[in-house]
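All remarks here apply to the structure that follows.
Numbers restart at 1 for each chain; the letters A, B, ... are given by sequence-line order, proteins then strands.
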2 protein chains.
Amino acid sequence: MSKVEAVTNPSREELLGIIDSALSKEAMLTIFARCKVHYDGRAKSELGSGDRVILVKPDGAFLIHQSKKREPVNWQPPGSFVTVEERDGIIVLRSVRRKPKEILEVELEEVYLASLFKAEDYEELALTGSEAEMAEMIFKNPELIEPGFRPLFREKSIGHGIVDILGRDREGNLVVLELKRRRADLHAVSQLKRYVEALRAEHPAVRGILVAPSLTSGAKKLLEKEGLEFRRVQPPKRESVTKGRQTTLF
Amino acid sequence: MSKVEAVTNPSREELLGIIDSALSKEAMLTIFARCKVHYDGRAKSELGSGDRVILVKPDGAFLIHQSKKREPVNWQPPGSFVTVEERDGIIVLRSVRRKPKEILEVELEEVYLASLFKAEDYEELALTGSEAEMAEMIFKNPELIEPGFRPLFREKSIGHGIVDILGRDREGNLVVLELKRRRADLHAVSQLKRYVEALRAEHPAVRGILVAPSLTSGAKKLLEKEGLEFRRVQPPKRESVTKGRQTTLF
DNA sequence: AATTGGATCTCGACA
DNA sequence: TGTCGAGGTCCAATT
C-alpha cells in the first residue's frame with residue numbers, strides 16, 4: 001500500500017474506506033470537513049457547523065482545528081479510542097477516553113477531503129534552552145549564583161513541594177534556588193516562598209534565590225517584601241543538542 | 001475556485017503552486033512530508049528527517065505534528081509570517097515571529113501530499129464548566145460557601161495579585177476565595193496564601209477559602225498548616241451553553 | 001494511580 | 001505592551 005491515500009469529495013463508501021484503513025493501519029487520518037462537534041467530559045462544549053481540519057493520530061490523539069490559533073478548538077488526548085457510526089445518513093466520528101471519562105463526537109456534514117498518511121518517523125526532538133539545562137550549568141558553575149555557593153540536591157522533595165536546587169552558601173546557610181527559563185512572575189515567587197518557609201521549619205537560616213533571566217514588576221516587589229533574592233541567569237543554548245528529556249543530573 | 005485543492009506526490013511546480021495559493025488566498029495549507037525542522041527563539045531545537053503533517057493557518061499559526069501526542073513537535077504561534085525559499089533544490093518553509101524573535105524552518109525533503117483548504121467557519125466554541133461559571137454560581141448562591149457569606153468583588157486586584165472573589169462573612173471578616181475548576185494542588189494553596197497575606201497587611205481579620213471539587217494530599221496538608229479553609233464545590237455544567245468568554249460578571 | 005511542576009506553554013483580559 | 005492567571009491545559013518524572 002502507498003504511504004498516502006487522498007480522496008476529494010469522497011463518496012460515503014470512499015470516506016468509510018479511508019477512515020477504516022487509517023484506523024486499522026496505524027496511519028494518520030486527516031479530514032477536511034464541514035462538521036459539528038460535541039464534547040462532554042472534564043467540561044462540556046458545543047461547536048456549530050463550520051469548516052475544520054480533523055486529525056486523528058495512531059496513538060488516539062484527536063485534533064479539530066479551526067482556521068485560527070495554535071490550539072485545537074476541540075481534542076482528545078492520546079489513548080482515546082475512535083469509532084465510526086452513521087446517524088441519519090451522517091458519518092459520526094466518536095472518540096472515547098476512559099479515566100477521566102470524556103466523549104468527543106464529530107458529525108461530518110460534508111467532507112471535502114479524506115486522507116491517510118502512514119508516517120514513518122524515528123526521530124525525536126532535540127531541544128536546548130530548558131530549565132533542566134540551567135540547573136546543569138549551575139551545578140557545573142556554582143559561582144554563577146555567588147562565590148562559595150555549593151549545590152547539593154537537585155529536584156529535592158521537601159515538606160511542601162519539590163525544590164529545584166538545594167545547596168549551601170559560603171557561611172553554611174541553607175540556600176533554595178528556584179529556576180525559571182523565562183521571566184519570573186508572582187507564581188515563581190510564591191513557589192520559592194513556599195519552599196523557604198517549609199525548610200525554615202527545620203533549619204535555622206534559609207535563603208531563597210530566584211534564578212531567572214528577568215522578573216516581572218510584581219515579582220520584584222513581592223520578592224523584596226519577603227526578603228528573597230534574585231540572580232539574573234539566562235538559560236544556556238547548547239550547540240550540540242540532546243534528544244528527549246534529561247531530568248536527573250547524575 | 002474550489003474549496004479544496006490536493007495533489008499527491010506533487011512536482012516542484014505543483015507544490016509551489018499550492019503553497020503560494022494557500023498563503024495568498026487565506027487558506028489552510030496542509031502538507032504531508034518527510035522533513036527536517038530547525039527552530040530558534042525562546043529555546044532552540046533540531047528535528048531530524050521523518051514523516052510529519054504540517055499545517056499552516058491563515059492567521060500565521062504553524063504546526064508540525066508527528067504521529068504521536070496531542071502537541072505539535074514544533075510550531076509557531078499566530079501572527080508569524082511564512083515565506084518559501086529553495087535551497088539546493090529543496091523547498092524550505094520559513095516562519096518568522098517578531099517579538100520575541102523566533103524562526104522556524106522546515107526542509108521539505110519529500111512531499112507526499114500538498115493541499116489547501118479555504119475553510120469557512122463562523123462558529124465559535126460554547127463551553128461550560130469553567131471557573132468563571134463557578135464564580136457566577138457563587139455570586140448567585142453565596143450560601144454554597146457558608147451561611148451569611150456576602151461576595152463583594154470579582155477578579156479584584158490587590159497588592160500582590162488578583163483575587164477570584166473577595167467578600168465578607170457573617171461576622172464581617174474579610175474572606176478571600178480562590179476557585180479551581182478541578183482538584184486543587186499545592187500551587188493553588190500558595191496562591192491563596194499570597195492573597196491572604198497581602199490583605200492581612202491592611203485588614204485585621206482575613207480568612208482564606210479554597211473552593212474546588214477536591215484537594216490533593218499535599219494541598220490539604222499545607223492548607224491546614226496555614227490555617228486556611230476548604231469548601232467542596234463542583235463547577236456547574238449548564239444546559240444552554242454560552243459562546244466565547246464571560247469574565248466580567250456585571 | 002496520584003502528585004508535582006515545567007512548557008518555545010497558549011490565550012484572554014486588563015492596566 | 002507588560003502583567004496576571006486560567007486551561008477540558010499537556011506532559012514527564014517520581015512516589
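Regarding A/Arg42, its CZ atom lies at a distance of 12 Å from the P atom of D/dG7, rounded to whole Å. Distance, A/Leu127 CG to C/dG6 C1': 12 Å, rounded to whole Å. Atom pair B/Arg154:CZ and C/dC14:P shows a separation of 10 Å (rounding to whole Å applied). The nearest whole Å value for the distance from the CD atom in B/Gln76 to the C1' atom in C/dT8 is 9 Å. Protein atom CZ of B/Arg70 is 13 Å distant from nucleotide atom P of D/dA12, rounded to whole Å. The interatomic distance linking B/Ile158 (CD1) with C/dC14 (P) rounds to 18 Å, in whole Å. Distance CD (A/Glu155) to P (C/dG5): 9 Å, rounded to an integer number of Å. A straight line from NZ of B/Lys156 to P of D/dC4 spans 16 Å, rounded to a whole angstrom.
Between A/Lys44 and D/dG8, a side-chain N or O to OP1/OP2 separation shorter than 4.0 Å is absent. Between A/Trp75 and D/dC10, a side-chain N or O to OP1/OP2 separation shorter than 4.0 Å is present. Note on B/Arg183: a side-chain N or O is less than 4.0 Å away from OP1 or OP2 of C/dT3. Listed pair B/Arg97 / C/dT10 fails the phosphate criterion, with no side-chain N or O lying under 4.0 Å from OP1 or OP2.
Near DNA chain C, defined here as any heavy-atom distance below 4.0 Å, the residues from residues 60-69 of chain A are A/Lys69, listed numerically. Contacts with DNA chain D (heavy atom under 4.0 Å) in residues 223-237 of chain A: none are found. Residues from residues 185-199 of chain B that place a heavy atom under 4.0 Å from any atom of DNA chain C, listed by number: B/Leu186.
Evaluation of the ring-ring contact (aromatic ring centres under 6.0 Å, His included) rule for A/Phe117 yields B/Phe32, B/Tyr112 as partners, not counting sequence neighbours. Residues satisfying the side chain to side chain contact (heavy atoms under 4.5 Å, CB included) criterion with B/Ser49, sequence neighbours excluded, are B/Arg34, B/Lys36, B/Glu109. Not a single salt bridge (Lys or Arg N to Asp or Glu O under 4.0 Å) links A/Arg194 to another residue, sequence neighbours left out. Remark: A/Ile103 engages A/Arg94, A/Val96, A/Lys101, A/Glu105 in a side chain to side chain contact (heavy atoms under 4.5 Å, CB included) (not counting sequence neighbours). B/His203 is linked by a side chain to side chain contact (heavy atoms under 4.5 Å, CB included) to B/Leu174, B/Leu199, B/Val206, counting only residues two or more places apart in sequence or in another chain. Every salt bridge (Lys or Arg N to Asp or Glu O under 4.0 Å) that B/Lys193 has, sequence neighbours left out, goes to A/Glu197, B/Glu197, B/Glu226. For B/Gln234, the side chain to side chain contact (heavy atoms under 4.5 Å, CB included) partners at least two apart in sequence or on another chain are B/Pro213, B/Arg232.
Taking atom P on both nucleotides, D/dC4 is separated from D/dG8 by 23 Å, rounded to a whole Å. Comparing C/dT8 with D/dG5, their P atoms are spaced 22 Å from each other, to the whole Å.
The side chain of B/Lys180 lies closest to D/dA6, out of D/dT3, D/dG8, D/dA6. When the nucleotides C/dG6, D/dA6, D/dC11 are ranked by their closest atom to the side chain of B/Asp164, D/dA6 comes out on top.
Using modelled atom types, one side-chain atom of B/Lys57 and one backbone atom of A/Lys69 make a donor-acceptor pair closer than 3.5 Å. Under the 3.5 Å distance criterion, the side-chain polar atoms of B/Gln66 are left unmatched by any main-chain donor or acceptor of B/Gly50.
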Between side-chain atoms of residues 156-165 of chain B and protein atoms elsewhere (two or more places apart, or another chain), which donor-acceptor pairs fall under 3.5 Å?
unit_1   : atom_1 : unit_2   : atom_2 : d
B/Asp164 : OD2    : B/Leu179 : N      : 2.8

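Both A/Tyr39 and B/Lys99 lie close to DNA chain D; mapped to their nearest nucleotides by heavy-atom distance, the more 5′-ward contact belongs to B/Lys99. Mapped onto DNA chain C by nearest heavy atom, B/Ala219 and B/Pro78 fall at different nucleotides, with B/Ala219 at the one closer to the 5' end. Sequence order on DNA chain D of the closest nucleotides to A/Thr216 and B/Arg181 puts A/Thr216 first from the 5' end.
In this structure, A/Ser217 reaches the sugar-phosphate backbone alone: every heavy-atom distance under 4.0 Å involves primed, P, OP1 or OP2 atoms, never a base. Among the atoms of the strands shown, base atoms are found under 4.0 Å from some heavy atom of B/Asn74. If you check every strand for non-hydrogen atoms under 4.0 Å, B/Glu102 touches a base. Nucleic acid contact class of B/Gly161 (heavy atoms, under 4.0 Å, all strands): sugar-phosphate only. Among the atoms of the strands shown, base atoms are found under 4.0 Å from some heavy atom of A/Arg182. Counting any heavy atom pair closer than 4.0 Å across all strands shown, A/Gly218 reaches sugar-phosphate atoms only and no base atom. Residue B/Ser130 is classed as a sugar-phosphate contact, given heavy-atom separations below 4.0 Å to backbone atoms only. Within the nucleic acid shown, A/Pro100 has no heavy atom closer than 4.0 Å to any nucleic acid atom.
Atom NZ of A/Lys220 is surrounded by 12 or fewer heavy atoms from other residues, nucleotides or ligands within 6.0 Å.
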(request) Evaluate the criterion side-chain hydrogen bond (donor to acceptor under 3.5 Å, both in side chains) for residue pair B/Thr128 and B/Glu133; output intermediate values, then yes/no. (result) CA-CA 7 Å; B/Thr128 183; B/Glu133 287 182 338; 2.6 Å; yes

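Identified under the salt bridge (Lys or Arg N to Asp or Glu O under 4.0 Å) test for residues 180-189 of chain A, with sequence neighbours left out: A/Glu178-A/Lys180.
Two residues are said to be in side-chain contact when any heavy atoms from C-beta on lie closer than 4.5 Å; A/Arg52 and A/His65 fail this criterion.
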